[in-house]
Peer 1: 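Just dropping this structure here.
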Number of protein chains: 2
Amino acid sequence: MNIRELARRSGVSTATVSRALNDRAEVSEATRARIRRLANELGYAPNEPARTLVRRRSDTIGLIWDSGQEAQGLHNPFLLGMLSAVRTALSEADYHLMLLTTPGTEDPDGSYLQAVRRHNLEGVIVLTTPPDDRCLQVLADSGVPCAGIDTAFTGPRTVRISSDNAAGAEAAVEHLYALGHRRIATITGPLHLPPAAERLAGYRRACQRLGLTVPPDYVTEGDFFLDSGERAARRLLSVDQPPTAIFAAGDQMAIGAMHAAADAGLAVPRDLAVIGFDNIDAAALVRPALSTVAQDQRALGEAAVAALRALLDGEAERPERTAEPHIVPTKLLVRGSSRSGG
Amino acid sequence: MNIRELARRSGVSTATVSRALNDRAEVSEATRARIRRLANELGYAPNEPARTLVRRRSDTIGLIWDSGQEAQGLHNPFLLGMLSAVRTALSEADYHLMLLTTPGTEDPDGSYLQAVRRHNLEGVIVLTTPPDDRCLQVLADSGVPCAGIDTAFTGPRTVRISSDNAAGAEAAVEHLYALGHRRIATITGPLHLPPAAERLAGYRRACQRLGLTVPPDYVTEGDFFLDSGERAARRLLSVDQPPTAIFAAGDQMAIGAMHAAADAGLAVPRDLAVIGFDNIDAAALVRPALSTVAQDQRALGEAAVAALRALLDGEAERPERTAEPHIVPTKLLVRGSSRSGG
DNA sequence: CTGAAAGCGCTTACAG
DNA sequence: CTGAAAGCGCTTACAG
């Protein structure tokens with residue numbers, strides 16, 4: 001069943017069918033209704049590749065995630081929520097979505113760009129990829145509109161979306177302070193990653209505002225995984241004036257810190273309050289449940305789509321390459337690991 | 001840069017360029033090499049919509065997941081691993097991947113099928129969707145090749161892929177038995193879901209083979225979520241002859257059972273051994289770490305792709321609609337929650 | 001081994 | 001308001 005067949009059965013030309021189905025104003029109401037009904041009955045679906053070819057636009061967005069090595073574990077839990085949000089938001093805007101694959105061996109650097117050209121993609125959404133992805137930078141440089149969540153590339157038509165890491169960290173510290181804590185330490189992520197650096201900055205800013213001095217040994221670095229949090233907490237608990245509360249820049253590290261506390265004979269939250277960042281599934285499953293700064297996956301995905309659409313809808317090209325990132329608010333979730341005073 | 005331009009610069013016809021780029025045998029080696037080099041230099045990428053139009057095949061597979069309501073929580077953790085595996089396996093087979101969206105309001109039942117027709121999709125991969133999805137059944141009935149992981153639809157060209165739930169459950173029970181446990185209870189999922197029913201069947205079969213009698217109150221139903229596991233374990237611990245070990249058909253429920261044990265003053269694994277199913281991220285994060293029957297997300301995704309390809313590569317249409325499901329092995333992971341004897 | 005030509009299924013000026 | 005015709009960028013018989 002193609003448009004010619006449908007036209008024949010409707011007793012009009014293919015041009016009229018096309019106009020009716022595309023809701024063009026020139027078609028008479030009666031004709032339009034008749035054609036639509038028939039199309040429905042016959043299960044006619046316009047051939048998108050043909051439309052793309054002639055219209056020179058595909059209404060399709062490319063989606064990239066986790067290029068190169070399997071994402072470093074830290075962000076995995078969020079990807080799915082963001083994926084769902086992106087998919088929903090994009091389809092509501094009548095875009096189709098194509099999954100792009102990590103570069104292969106031949107022409108590794110240009111493969112994203114090639115894929116965009118081959119499929120006539122209008123833009124690309126990128127979810128949390130390694131900061132040093134060459135292929136992504138080639139794509140961004142080419143001028144293809146790209147919206148990235150927690151990404152590092154920049155280009156002439158590029159937007160970055162990110163949680164408000166600094167504000168989230170500040171809220172965590174303020175919460176601990178309000179509980180009476182004055183000795184608040186932090187476990188950071190790898191500081192070359194922007195989210196890790198931003199969370200540390202927020203921690204420092206809150207401490208400063210609250211008049212808390214931060215001894216150098218109150219800041220210790222982890223790698224976002226469980227064991228590093230446990231090790232870091234052990235270090236923190238063995239300093240001269242050990243902290244009464246720990247803000248970990250990731251939930252896995254926070255859970256590791258809870259393990260270290262248990263091993264040291266400390267009860268959480270009575271002897272040590274702990275708060276994490278991200279709100280991974282496990283945060284609600286451990287005991288005591290982990291307080292955390294939740295990232296809003298849905299909002300992140302929707303913000304990425306909104307930003308990309310703004311780019312597509314002809315927003316002028318940006319003069320500078322370093323776009324102001326779009327910031328999505330976080331939300332403090334107080335649970336058992338920081339419920340009572342310190 | 002299109003094929004005409006490339007042909008002009010190569011000094012040959014578009015037909016020859018097409019043949020060279022598609023590795024047809026008729027082209028002379030010299031010509032092919034020259035054209036390929038030029039194409040690379042100029043960054044030429046063949047227009048896929050045009051190819052699809054003329055070849056009448058898109059080399060594109062549709063991907064559906066989580067249709068209808070947000071998946072019931074239980075499978076979320078796996079989706080991402082399966083998605084990655086599917087994406088990789090499909091791209092290695094030179095297929096493109098298009099994300100299909102949950103049915104909208106108009107024509108809800110036919111929308112997947114419509115999408116397949118519009119985009120000329122060759123087949124569809126479906127990840128864990130509600131068992132009562134009408135739209136999916138319409139698609140399956142249409143004869144479009146579909147491979148589904150933990151799905152319920154059937155159709156003329158349909159394959160179902162699933163973990164070996166029964167064998168996994170058996171392995172869990174055997175493991176507990178080997179540790180010395182003779183009073184082994186189970187917490188099931190909602191029994192109308194195939195994986196839940198299969199896991200219960202495996203539990204029963206193992207008990208029977210090992211000569212363990214299963215009192216009726218040793219089998220209690222949960223909903224795969226944390227709280228239901230905690231409640232179910234409370235019930236199990238309050239029966240006449242309480243179990244010394246619990247096999248929960250899902251990790252969240254198993255973790256809930258550990259909480260119930262702690263509340264009852266029982267130490268895990270000394271007083272009560274617990275083992276779950278799935279291997280969600282949290283299983284490795286709780287304390288003691290949760291023993292579990294791991295599903296192999298990667299293998300599931302790869303099996304789905306392999307099964308779909310078999311379908312596409314002209315495997316004869318199946319006479320009966322109820323295909324034998326493809327079964328992927330599970331793996332027993334022994335961790336702290338069942339380490340020592342009972 | 002190569003080219004001229006037809007055609008895949010649409011949309012859109014252009015003419016009426 | 002409608003139709004005839006051109007053309008989007010490819011591939012593939014067909015002829016040489």
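Letters go in sequence order (proteins before strands), and every chain restarts at 1. Because only heavy atoms are used, hydrogens play no part in the values below, and waters and symmetry mates are left out as well, while side chains stay in.
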Peer 1: Quick one about Gln137(B) and Asp141(B) (side-chain donor to acceptor, distance below 3.5 Å, no hydrogens or angles considered), yes or no?
Peer 2: yes
Peer 1: Just how far, in rounded Å, is P of dG9(C) from CG of Asn2(A)?
Peer 2: 5 Å
Peer 1: Write down the distance between CZ (Arg32(A)) and P (dC1(D)), rounded to a whole number of angstrom.
Peer 2: 9 Å
Peer 1: Considering only atom P, compute the distance from dA5(C) to dC1(C) and round it to an integer number of Å.
Peer 2: 24 Å
Peer 1: Map Ser28(A) and Thr14(A) onto DNA chain D by nearest heavy atom, then report which one ends up closer to the 5' terminus.
Peer 2: Ser28(A)
Peer 1: Choosing from dA4(C), dG9(D), dT11(C), which nucleotide comes nearest the side chain of Val54(B)?
Peer 2: dG9(D)
Peer 1: Would you kindly give the CG-to-C1' distance between Leu21(B) and dG9(D), to the nearest whole Å?
Peer 2: 13 Å
Peer 1: Rounded to whole Å, please give me the gap between CZ in Arg57(B) and P in dC10(D).
Peer 2: 18 Å
Peer 1: Would Arg55(B) and Asp59(B) pass as an ion pair if we require N to O under 4.0 Å?
Peer 2: yes
Peer 1: Just the rounded figure in Å: distance from C1' of dC14(C) to CD of Glu26(A).
Peer 2: 13 Å
Peer 1: Take atom CZ of Arg4(B) and atom C1' of dC8(D), then tell me their distance rounded to the nearest Å.
Peer 2: 10 Å
Peer 1: Quick one: on DNA chain C, does Leu53(B) or Thr31(B) contact a more 5' nucleotide (nearest heavy atom)?
Peer 2: Thr31(B)
Peer 1: Contact class for Arg24(A) vs. all strands (heavy atom < 4.0 Å): base, sugar-phosphate, or nothing?
Peer 2: sugar-phosphate
Peer 1: Between P on dC10(C) and CZ on Arg56(B), what's the gap in Å once rounded to a whole number?
Peer 2: 10 Å
Peer 1: Applying a 4.0 Å non-hydrogen cut-off, can you work out what Thr52(A) is touching in the nucleic acid: base, sugar-phosphate, or nothing?
Peer 2: nothing
Peer 1: Taking CE from Met1(B) and P from dC8(D), how many angstroms apart are they, rounded to a whole number?
Peer 2: 16 Å
